[in-house]
Amino acid sequence: MKLLLGVVFLMLTCRFAAGAETCVPLRFVPTYGGKPVVLEQYYQLHGGDSVMFETFKCYISDITFYKAGKQVLKEKNSYHLLNAENEETMSLFIHMDDSIHYDEVQFNMGIDSATSTSGALGGDLDPAKGMFWTWQSGYINCKIEGRSNLCKTRHNEFQLHLGGYAVPDNSLQEVRLTIPEGAEVDIVIPLDKFLSRVDIAKQNAIMSPGQDAVVVARKLASVFEVKK
Amino acid sequence: MRKTVVISILCSAIALLSFTVKKQLLFTIPEGWPKPVYDFKKNPLTEQKIEIGRRLFYDPILSRDSTTSCNSCHLQYTAFTHVDHRLSHGIDNRIGTRNSPALVNLAWSKLFMWDGAVNHLDVQALAPIANHDEMDESLEHVIKKLQATSTYPALFYEAFGDSVITGEVVLKSISQFMLTLVSANAKYDKVKRGEDTFSVKEAKGYALFQKNCASCHAEPLFTNMQFENNGLPLDDSLKDIGRMKITRNAADSLKFKVPTLRNIEFSQPYMHDGRFKNLSQVLNHYIMGVSHSSTLNPRLQKGVYLSGNEKTELVAFLLTLTDKEFLYNTKFSYSKK
């Protein structure tokens with residue numbers, strides 16, 4: 001049923017891609033054990049420990065397509081906030097001329113420094129989206145929150161607010177992936193793989209810019225892959 | 001044919017002129033001042049938008065329990081700061097960790113707050129709104145509350161063409177009002193424009209100011225907009241390291257944003273933690289209280305020497321920075337509309 005709704009939704013959003021225009025859907029799917037993550041559901045970790053995700057929000061910006069290493073399309077005003085709580089936000093639709101051929105997509109996980117210092121912006125960049133730090137300016141590029149018995153914190157909570165735009169603590173990450181042409185592209189984010197690279201027993205409260213945020217952001221970006 | 005051309009040129013000239021006049025009423029760069037840092041093209045001033053910002057500034061709806069407004073800590077008659085409290089207090093009588101800064105000539109500022117934590121005027125208001133000790137509220141919730149009022153949606157519709165209130169338009173409106181808070185009509189300014197003259201005492205004080213203070217408190221804004229360590233010994237209870245908290249760079253330890261001296265007569269107490277309650281204490285600090293450390297401002301490393309008379313003269317000059325037209329300008333006061 002959910003799949004059917006998804007398909008209907010895709011058709012609705014892409015229906016204006018008429019004539020010589022085409023629409024490439026990029027769907028972002030956080031997964032665990034190869035299946036889409038269900039928020040607030042517990043998953044098994046190695047050795048009998050468990051983990052649950054309450055929040056997955058992430059900025060995807062500056063989407064660019066390539067063919068044989070050459071840039072063929074750069075989306076204008078390319079700022080998108082993925083929010084796993086709201087299925088609609090997890091799929092991005094890139095409109096392009098159907099004469100364009102591509103074999104790779106590149107995007108930033110996060111918001112660049114020029115945009116981070118441009119004052120109050122609208123749409124997905126609106127500070128009211130809760131992804132802009134109030135006490136020290138700058139976007140939270142990715143926010144992952146949840147619980148795990150590994151975290152000796154209040155209610156076993158972990159909060160990874162990965163942000164920071166200024167050198168040397170710029171946590172923005174570039175992701176480049178090979179993609180098939182002419183099809184819906186599923187970009188999976190295996191959170192089990194991510195957690196195998198991060199020690200959440202120790203790194204469970206990152207809420208300011210710094211090297212911790214940079215390192216964890218790099219690890220998150222490293223697990224993005226195209227579903228085969 | 002020629003007649004039509006002449007008339008149309010004339011018309012456009014008049015249109016241009018009236019446009020310029022209107023713009024000048026909303027914001028003008030005082031003669032001899034640098035270009036503002038704020039990019040007005042991204043948020044062009046209009047009377048309606050300024051008016052919304054002014055209402056929001058005085059409206060406690062921005063706080064969790066509707067008790068605290070921006071004006072609670074930034075009172076016009078005292079140079080838009082909080083007098084008589086070393087550390088400003090906010091909601092539920094909670095006391096913060098710093099002395100609220102005077103709000104003036106903000107269009108020329110690149111970084112905000114004592115430690116420069118805020119990188120743009122538009123996003124400055126987020127800090128006091130969200131701070132636990134100040135307004136303890138979230139922008140998301142403020143928007144919901146504003147949307148539910150009988151007044152704001154119509155005002156936003158009039159100003160922005162949409163009655164749906166967003167974080168962007170709330171913050172931009174507050175910026176608009178903040179940008180109009182320009183103080184450039186003190187006696188000092190009138191002397192500079194040739195409309196007035198300094199007394200002998202003030203003139204001597206001006207010379208002392210230029211020799212001892214101007215490297216940080218640079219004219220005409222009376223701040224170099226930099227972060228400096230002015231030799232205040234660390235307060236053991238606050239342990240405030242200033243700019244270093246943001247940059248995590250040891251070279252920024254104990255550095256704070258250089259505040260403007262405009263309207264200093266009314267902005268006591270002084271310093272980021274309000275430790276000095278009058279100008280005499282401030283001058284005594286520079287003469288004999290400076291604590292030496294590796295990040296101390298180079299000018300202060302040389303020491304400041306002032307006699308009793310010179311102190312009086314310097315204070316006489318500082319009082320020429322009082323701008324009564326600014327402090328009592330009804331355009332900046334609570335809107336009775």
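Treat the numbers as computed from the prediction; the structure is a model and nothing was measured.
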Please examine the side chains of A:Pro209 and B:Arg248, heavy atoms only from C-beta on, and report whether any two atoms are closer than 4.5 Å.
yes
Can you name the side-chain hydrogen bond (donor to acceptor under 3.5 Å, both in side chains) partners of B:Asn71, sequence neighbours left out?
none
Within the 4.5 Å heavy-atom criterion, are A:Gln136 and B:Ile246 side-chain neighbours or not?
yes
Near A:Tyr42 OH, under 6.0 Å, is it more than 12 heavy atoms from other residues, nucleotides or ligands?
yes
Any idea which heavy atoms bring B:Val123 and A:Ser137 closest together, and the distance?
CG2-OG, 3.6 Å
I'd like to check A:Tyr165 versus B:Asn119 (side-chain heavy atoms, cut-off strictly below 4.5 Å). Are they in contact?
yes
Distance (rounded to the nearest 0.5 Å) between B:Asn131 CG and A:Trp135 CH2
12.0 Å
Flag yes if more than 12 heavy atoms outside B:Ile95 fall under 6.0 Å of its CD1 atom; otherwise flag no.
no
Can you confirm whether more than 12 heavy atoms, excluding those of A:Lys193, are under 6.0 Å from its NZ atom?
yes
Spatial distance of atom CG (A:Leu121) from atom NE2 (B:His120) [nearest 0.5 Å]:
8.0 Å
Distance from A:Lys129 atom NZ to B:Glu168 atom CD, nearest 0.5 Å?
11.5 Å
Atom CG in B:Leu139, atom OG1 in A:Thr134: separation rounded to 0.5 Å?
10.0 Å
Heavy-atom pair with the smallest gap, counting every atom of B:Leu126 and A:Pro127
CD1-CB, 3.9 Å
Would you say the side-chain atoms of B:Asp122 pair up with the backbone N or O of A:Ala120, donor to acceptor, closer than 3.5 Å?
yes
Tell me whether the count of non-hydrogen atoms from other residues, nucleotides or ligands lying under 6.0 Å of CD in A:Gln71 goes above 12.
yes
Starting from the C-alpha separation in whole Å, work towards a yes-or-no answer on side-chain contact (heavy atoms from CB on, under 4.5 Å) for A:Ser118 and B:Lys42.
CA-CA 9 Å; A:Ser118 294; B:Lys42 287 187 181 161; 4.0 Å; yes
So which part of A:Ser208 gets closer than 4.5 Å to some heavy atom of chain B, the side chain, the backbone, both or neither?
neither
Of all of B:Gly116, B:Ala127, B:Ser138, which one pairs up most often with chain A through heavy atoms under 4.5 Å apart?
B:Ala127
